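These notes are about the structure you will find just below.
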Amino acid sequence: MNRVLAAMEEKMAISGVVTQLRTTDMASSIRFYTEKRGLAVEFNYQDFYTGVRAGSQIFHLKLVDEKDPSISFIEDGGHFHLYLETKGVEDFAAQLKAKNVPLVKDVHETPWRTREIVIHDDQGHTLYLGEPL
């Protein structure tokens, strides 16, 4: 099986991964990610699909009719929807607090040698922001 995977990797080089978060209120989600998080809208497709730029990375927002069913599962299990690797987590936490974005978990160091914070977006998605130590 490993030879099959190795052959696939040789033929198909992955240059990036894009994730998609669901939102029931696109305007609210765009405001959260641009005004509260300081990110930028990369593109809008009609009124139901938006790309958000986070440094060199992009993630997508998709307008849906019902709240993302994974939100409670993620929260109950201590999982995350997005992990954003960054620098200056402590400063970033202070900026979020100044913009009245509550931290689910304040700045902390992990056994796997990262410094992290945890927040929820306007829809309840769990976002981890971390930096390697």
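Numbering starts at 1 and runs along the sequence shown. Bear in mind that the values here come from a model prediction, so they are computed numbers and not experimental data.
- Grouping the Ile, Leu, Val, Met, Phe, Trp and Tyr side chains by contacts below 4.5 angstrom, directly or via other members, places Leu96 apart from Val104.
- Judged by distance alone, the side chain of His81 and the main-chain N or O of Leu127 form no donor-acceptor pair under 3.5 Å.
- For Phe59 against Val18, the heavy-atom pair with the smallest separation is CA-CG1, 4.3 Å.
- By the neighbour-count criterion of 12 heavy atoms within 6.0 Å, atom CD of Glu66 is sparsely surrounded, having that number or fewer from other residues, nucleotides or ligands.
- The hydrophobic clustering, which links ILVMFWY residues whose side-chain heavy atoms are closer than 4.5 Å, places Phe80 and Ile58 apart.
- For the pair Ile119 and Arg37, the minimum side-chain heavy-atom distance is below 4.5 Å.
- At a cut-off of 3.5 Å, with distance as the only test, a side-chain donor of Thr24 or Gln123 sits close to an acceptor on the other residue.
- Taken from CZ in Arg115 to CG in Leu133, the straight-line distance is 5.0 Å, to the nearest 0.5 Å.
- Tyr83 and Phe92 fall into different hydrophobic clusters, defined by Ile, Leu, Val, Met, Phe, Trp and Tyr side-chain heavy atoms under 4.5 Å apart, directly or through other members.
- Cluster membership check: Ile117 shares its hydrophobic cluster with Leu84, using side-chain heavy-atom separations under 4.5 Å among Ile, Leu, Val, Met, Phe, Trp and Tyr.
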Please walk me through it: do Lys87 and Glu131 pass salt bridge (Lys or Arg N to Asp or Glu O under 4.0 Å)?
CA-CA 5 Å; Lys87 294 179 182 174; Glu131 65 183 332; over 6 Å; no
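- Of the options Asp122, Asp121, Thr50, a side chain to side chain donor-acceptor pair (under 3.5 Å) to Ser29 is made by Asp122 and by none of the others.
- If you look at His60 and Phe43, their ring centroids are closer than 6.0 Å.
- Judged purely by atom type and a 3.5 angstrom limit, Thr34 uses its side chain to pair as donor or acceptor with the backbone of Ile30.
- Residues Phe48 and Leu21 fall within the same hydrophobic cluster, defined by Ile, Leu, Val, Met, Phe, Trp and Tyr side chains chained together at heavy-atom separations under 4.5 Å.
- Summarising the local packing, NZ of Lys105 is surrounded by 12 or fewer heavy atoms from other residues, nucleotides or ligands at distances under 6.0 Å.
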